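In what follows, a single structure is set out as structure tokens and then discussed.
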Amino acid sequence: MQAELVMTCLNKTNKHQHGAALMLLVFILAIAMTSYLVRTLNSASYKVDHEQKVMQNLATAKEALIAWAVSNELHPGQFPYPDHLEVTTPIYDGKGDCGGNPLSNPILLLGQLPVYGSDGCTSPVEGLGIDAQDGYGNRLWYAVSPNLVHNYAPTLGQLSDPIINPSIINTATWLRVVDRNGATISDRVAAVIIAPGNAIGNKSRSNTATVDNFLDEFQIGATSYSNRNYDSFDEDFIIGDTFERVDDDDATYSSPYLFNDKLVYITIDELMVALEKRVAREVVSSLNGYFSVNSYYPYAASSGGTVCVNNQLLGALPLSPCSTPDLSTYLPGWFEDNEWEAFMFYAASLNCSQPNPGCSSGTLKVGTKENLNAVVISTGAEITTAFKVQDRVGSGLIVDYLDSVENISINEEYDAVGTPLTNLYNDQMFIVTP
């Protein structure tokens, strides 16, 4: 009896010990699992935060590059050359490297973003004013269309500086950005900016490494997609999946898949909207300079022309005089060099033209703003869609320049400043005064 009692106690003790050991094991496993989950979540959170930082740096670089081009003192809209490996000392020095003929050798237009300006061969020589990196200490890379750079080795019939105005939107060939399958995202790309990311595979990130050590490529079947090449005016650049997001057994890609470039791009449409604002403000300043000298605004030229027409208050800018002096001497030299006169409309109030010097009270209206003296309208490129076709060659018709019923009505009333742009409307209004 006593023996049975002892055995019963021992069994209960063992069960309690086994239970305690099991609970301890569960507790240890829970701690391990929690630690693993915390590490995993922290790692995922770090990757998300880091990727957001990279994309923010790319967006900042994009804004800075547009601002640099638009504010170019001598050639508004013209972009800098990239930074290449120097010839004598093969390093990247952060300055744009000019020279050569990009029209026959487009690879000159792919390199690192010129943070510190140019080597003195372009104007302005100032840099972008930002420390453009990808989050791993690597400088950003950059490729630009040959339509937007100075040509240092012009061939017969080619100008050294491109003519940059809205006409090039639909007539020039632009770079392309494609997705991971080669499908076109945009074929109107003026420039791309690329973050090379951390080195993968056997790549080097030294300051003497070539482009293939920074930018990536991948293959789907027999087709290669690469950000390293620049062979044609419509060269492809790729927005693809990073290697962390592609499973090793993903049969879509040829193995190994070593791609982690991140890319943003600038379309010619984005650039031109910003550039039109710069040009229109120059026109506004010139008209105000004209008024300060003459105490009135000039008569306008006919649509599609440049010669001032007496008593005409709406039309093109008057670059040749009539009974009022012309406006050309008040405009910067690059304005006519780039043929911007074909893309600017102008209206003056009757009270502010030559017969009534002094301009005491204007009669124009822009949106809800009344009693205005003069207005400038940037017309943008010709609109050619299934619903609307403009043809400015020899037209002289206001409907081929301006886009809304209000703007073509010739009643001294115009759409509001900041009216949204669409594929059927690209007028931008600017009030001259007051």
Side-chain angles (χ1 to χ4, degrees), residues 66 69-70 75-78 145-148 159 161-176 184 186-190 233-234 266-284 300-307 309 312 314-319 331 334-347 366 375-410 414-430:
I66 292 174
V70 169
H75 307 286
Q78 197 169 118
S145 167
N147 299 312
L148 300 172
L159 298 175
D161 289 299
I163 295 176
I164 300 176
N165 64 44
S167 68
I168 66 176
I169 289 178
N170 297 316
T171 59
T173 299
W174 299 100
L175 304 175
R176 291 200 319 148
T184 299
S186 176
D187 59 0
R188 300 166 69 83
V189 176
F233 290 4
D234 60 350
I266 301 168
T267 67
I268 185 56
D269 307 272
E270 289 177 289
L271 173 66
M272 202 55 63
V273 168
L275 189 56
E276 284 182 60
K277 286 181 169 62
R278 156 78 192 279
V279 175
R281 288 178 181 128
E282 292 280 359
V283 174
V284 167
S302 297
S303 303
T306 59
V307 179
V309 177
Q312 184 155 320
L314 168 66
L317 293 176
L319 302 185
L331 293 165
W334 52 257
F335 184 87
E336 290 185 67
D337 290 343
N338 288 276
E339 302 173 2
W340 275 101
E341 63 273 12
F343 301 92
M344 293 289 150
F345 251 60
Y346 150 72
V366 175
V375 174
V376 168
I377 304 176
S378 178
T379 67
E382 292 177 341
I383 293 176
T384 304
T385 70
F387 304 98
K388 184 175 186 176
V389 177
Q390 291 178 326
D391 183 6
R392 297 176 185 171
V393 179
S395 164
L397 300 176
I398 193 171
V399 71
D400 282 323
Y401 293 84
L402 304 181
D403 302 328
S404 70
V405 173
E406 188 76 279
N407 285 350
I408 67 175
S409 61
I410 317 179
Y414 302 94
D415 294 331
V417 172
T419 298
L421 305 180
T422 70
N423 64 336
L424 296 175
Y425 181 94
N426 58 8
D427 294 346
Q428 296 189 66
M429 279 61 64
F430 300 84

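Numbering starts at 1 and runs along the sequence shown. Computed from a predicted structure; not experimentally measured.
- A side-chain contact (heavy atoms from CB on, under 4.5 Å) with E382 is found for one member of D391, T171, N170 and no other, namely D391.
- The backbone N or O of G305 sits nowhere less than 3.5 Å from a side-chain atom of S302 that would complete a donor-acceptor pair.
- Within the 3.5 Å criterion, the main-chain N or O of A301 finds a donor-acceptor partner in the side chain of Q312.
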* side-chain contact (heavy atoms from CB on, under 4.5 Å) between L331 and L319, intermediate numbers included -> CA-CA 9 Å; L331 293 165; L319 302 185; 3.6 Å; yes
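- Q390 and D403 form a side-chain donor-acceptor contact under 3.5 Å, judged by distance and modelled atom types alone.
- Between W334 and R278, the closest heavy-atom pair is CZ2-NH2, 3.7 Å.
- With contacts defined as side-chain heavy-atom distances shorter than 4.5 Å, the pair I377/L402 qualifies.
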* Taking it one step at a time, do V189 and I266 satisfy side-chain contact (heavy atoms from CB on, under 4.5 Å)? -> CA-CA 6 Å; V189 176; I266 301 168; over 6 Å; no
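- Side chains of T267 and R188: no donor on one and acceptor on the other come within 3.5 Å.
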* **Trace of the side-chain contact (heavy atoms from CB on, under 4.5 Å) decision for F335 with E282** => CA-CA 9 Å; F335 184 87; E282 292 280 359; 5.8 Å; no
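- Counting heavy atoms from C-beta on, the side chains of E339 and I163 come closer than 4.5 Å.
- Contact between Y346 and A300 at its shortest, heavy atoms only, is CD2-CB, 3.9 Å.
- Nearest heavy atom pair, residue V376 against residue A280, reads CG1-CB, 4.4 Å.
- For the pair W340 (side chain) and I164 (backbone), a donor-acceptor distance under 3.5 Å is present.
- The CG atom of N423 sits 11.0 Å away from the OG1 atom of T384 when rounded to the nearest 0.5 Å.
- With hydrogens and angles left out, the side-chain atoms of D234 and T173 include no donor and acceptor closer than 3.5 Å.
- Minimum heavy-atom separation, A190 to W174: CA-CE3, 4.1 Å.
- Between the side chains of Q428 and S378, no donor-acceptor pair of N or O atoms lies under 3.5 Å.
- Side-chain atoms of D269 do not come within 3.5 Å of backbone N or O of I169 as any donor-acceptor pair.
- The two residues R392 and G380 make their nearest non-hydrogen contact at NH1-O, 2.8 Å.
- Formation of a donor-acceptor pair under 3.5 Å by the S145 side chain with backbone atoms of L148 is not found in this model.
- When all heavy atoms of G77 and L271 are compared, the pair lying nearest together is O-CD2, 4.1 Å.
- L317 is not listed as a side-chain neighbour of T306, based on a closest heavy-atom distance of 4.5 Å or more.
- Annotation: the span from L275 atom CG to Q78 atom CD amounts to 11.5 Å, rounded to 0.5 Å.
- Counting heavy atoms from C-beta outward, F345 and S303 have side chains that approach closer than 4.5 Å.
- Using modelled atom types, one finds a donor on one side chain and an acceptor on the other under 3.5 Å when comparing D415 with N407.
- Put simply, OH on Y414 and OG on S404 are 10.5 Å apart, with the number rounded to the nearest 0.5 Å.
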* Does the pair M272 and I168 meet the rule for a side-chain contact (heavy atoms from CB on, under 4.5 Å), with working shown? -> CA-CA 9 Å; M272 202 55 63; I168 66 176; 4.1 Å; yes
